[in-house]
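A quick note: this is a predicted structure, and the numbers were derived from the prediction, not measured. Chain A is the first sequence line, chain B the second, and so forth, proteins listed ahead of strands; every chain is numbered from 1.
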Number of protein chains: 2
Amino acid sequence: MSEYNDYLYPQKWLSKASTGDRVAYELRMRIISGLIESGTILSENKLAADFEVSRSPIREALRILASENIIRLEKMGAVVIGLSEKEIEEIYDVRLLIETFVFERLIKMDTTSLALELSKTLEMMKVAIKYNDADEFSYQDVMFHETIIRSIGHSYITMIWNNLKPVMEGLILLSMRMRFKEKYEDFTRIVKNHELYIDAIRAKDRELMIKSLHENFDDVQGKVEDLWRSQQMLSKGVEPQND
Amino acid sequence: MSEYNDYLYPQKWLSKASTGDRVAYELRMRIISGLIESGTILSENKLAADFEVSRSPIREALRILASENIIRLEKMGAVVIGLSEKEIEEIYDVRLLIETFVFERLIKMDTTSLALELSKTLEMMKVAIKYNDADEFSYQDVMFHETIIRSIGHSYITMIWNNLKPVMEGLILLSMRMRFKEKYEDFTRIVKNHELYIDAIRAKDRELMIKSLHENFDDVQGKVEDLWRSQQMLSKGVEPQND
DNA sequence: TGGAGTATACTTGTATACAAGTATTATAGT
DNA sequence: ACTATAATACTTGTATACAAGTATACTCCA
């Protein structure tokens, strides 16, 4: 990883990860942030040289990113797809789709222990806000939704989540880092929204759930765009990257 | 691929596939069919020896199967999850979920060219029935649904489909092979159902679509079980496989 | 100047080699 | 008989080597 001396992905989250995963995480962040522009053609050899590892983990990383739809493997080279506004909307379509499905299942279950778990996570989010820790906040935010999704024990819904999660996480990370700097007041609203969500789960109130879900999405979806643009600005003066 | 002299996956569909893909397809079929029982621990070295290839494509295949949730990669060895009744139901949950989503989008589009394309595919299915070609029928059946799903141009819905497709395809292949032998009369109903589906798309009739979708699922879901069990019977006398 | 064909510098896919870690088995001591 | 420890036979992860194919650039010829 010679050319960049700072990483976009939190290094402490990678303690047990293999080199391949590490590369995937970092590459993903660079693509989502726009540091590596969409349309760029990535070559295994160049990446291996850049990251100073062999081609094996690079190949692994590229397969992962291809399965997440942010690159496309072609006969020669991997083409970066990236995340335009369209893709971001689509991601939230899917998230809405699966969380709605999950909620329908939740209604038929005992949700008390889940609600408790979510309250704990929300507490952690508050602490992260208090200490201005954007990464930790993002982590807990993602965990919040993951906890809900996993709670119904549906392996194929979980599979979809697993495919979506890395990109979601990256998006949220970038978004939150920006907001901690510039839109600190947003967080009171975010916390409130999550409280609503917990209430909806506890009360099994479909209306309330849909409401908080949509607000959450409208919120994030709107902001993600300008964050993304700002990241792209930021990236312009750093690296030509494509030859 | 020393120990088995017949493949479960149609070889002519693999003309351009890499060794890694080939192994994934074949391994997937063996797992879905029950030939390799769930709980079995697969080792890269053993698989490489069995398939008479190196570990590189085997590793690739295992990653693919892991992302499809039919095996689980652990510290030592890959554990076969397989498809129990629960998993099969879950797969259809997801299929229902995404096809319903797709239909909602379709309603807002011009569906004439799609309906035409589907008619063509259905014609091909009829030909396949006429010539008793279970594999070709399965191929067209899968293509039928893929055509619908891709038609809305939603890359993340397509992504979910891509993850689901291989297992679906395998399931349908095994199911159809059996029915061509034992339940030939089923096919008039299947064809009728697909015609209904096309009508629903052409008329943008939500009710009709849900109806045909559900009938299709109830149909397949019921039958898949006994096929699967019969396959498992079949597998008992063939290979110990584990060690 | 233009075009056909060839050399070259890339690309990915697969095989192999090696390192580091883990489970199992065997052995020694009590 | 049983525990602790050591040897061994596995496992995966990563690096490297090689083969085969593809795009690019170059040269030669008209």
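Separating the CZ atom of A/Arg22 from the C1' atom of D/dT14 is a distance of 13 Å, rounded to the nearest angstrom. For the pair B/Lys16 NZ and D/dA20 P, the interatomic distance rounds to 21 Å; values are reported in whole Å. The distance from atom CD of A/Glu60 to atom P of D/dT14 is 6 Å, rounded to the nearest whole Å. The distance between atom CD of A/Glu52 and atom P of D/dT14, rounded to the nearest whole Å, is 16 Å. Computed from coordinates, the B/Ile58 CD1 to C/dT16 C1' distance equals 15 Å when rounded to whole Å. Spacing between atom CG of B/Leu47 and atom P of D/dT11 amounts to 10 Å, rounded to whole angstrom units. Note: CD1 (B/Ile41) to P (D/dT12) measures 10 Å, nearest angstrom. The distance from atom CD of A/Glu74 to atom C1' of C/dC10 is 16 Å, rounded to the nearest whole Å.
Ion pair B/Glu123/B/Lys120 not flagged as a salt bridge, since none of the NZ, NE, NH1 or NH2 atoms sits closer than 4.0 Å to an Asp/Glu carboxylate oxygen. Using a 4.0 Å cut-off between charged nitrogen and carboxylate oxygen, B/Arg22 and B/Glu26 do not count as a salt-bridge pair. The pair B/Glu44-B/Lys46 does not meet the salt-bridge criterion, since no charged nitrogen lies less than 4.0 angstrom from a carboxylate oxygen.
The side chain of A/Lys46 has C/dT11 as its nearest neighbour among C/dT12, C/dT11, D/dT12. For A/Ser54, the side-chain atoms get nearest to D/dA15 when compared with the rest of D/dG13, D/dA15, C/dG13. The nucleotide whose nearest atom lies closest to any side-chain atom of A/Met76 is, among D/dA15, D/dG21, C/dT14, D/dG21. Closest approach to the B/Arg55 side chain among C/dA15, D/dT16, D/dG13 is made by D/dG13 (side chain taken as heavy atoms from C-beta onward).
For the residue pair A/Ser84 / A/Glu87, a side-chain donor-acceptor distance below 3.5 Å is found, with atom types taken as modelled.
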Check against side-chain contact (heavy atoms from CB on, under 4.5 Å), A/Arg28 and A/Tyr25
CA-CA 5 Å; A/Arg28 187 185 296 116; A/Tyr25 277 108; 3.1 Å; yes
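At D/dT11, one or more side-chain N or O atoms of B/Ser43 fall inside 4.0 Å of OP1 or OP2 (strictly under the cut-off). For the pair A/Arg63 and C/dG13, the criterion of a side-chain N or O lying under 4.0 Å from OP1 or OP2 is met. For C/dT11, the OP1/OP2 oxygens have a side-chain nitrogen or oxygen of A/Asn45 closer than 4.0 Å. Distances shorter than 4.0 Å separate none of the side-chain N or O atoms of A/Ser56 from OP1 or OP2 on D/dT14.
Looking at B/Tyr9 and B/Glu169, their side chains come closer than 4.5 Å, going by heavy atoms from C-beta outward.
For the pair A/Glu90 (side chain) and B/Ser155 (backbone), a donor-acceptor distance under 3.5 Å is present.
Annotation: the terminal axes of the helix from C/dT1-D/dA30 to C/dT30-D/dA1 meet at 20°, where each axis is the rotation carrying the C1' atoms of four end pairs onto the next four (5 pairs per end, rounded to 10°).
At a threshold of 4.0 angstrom between heavy atoms, the contacts of B/Thr19 are confined to the sugar-phosphate backbone, with no base atom among them.
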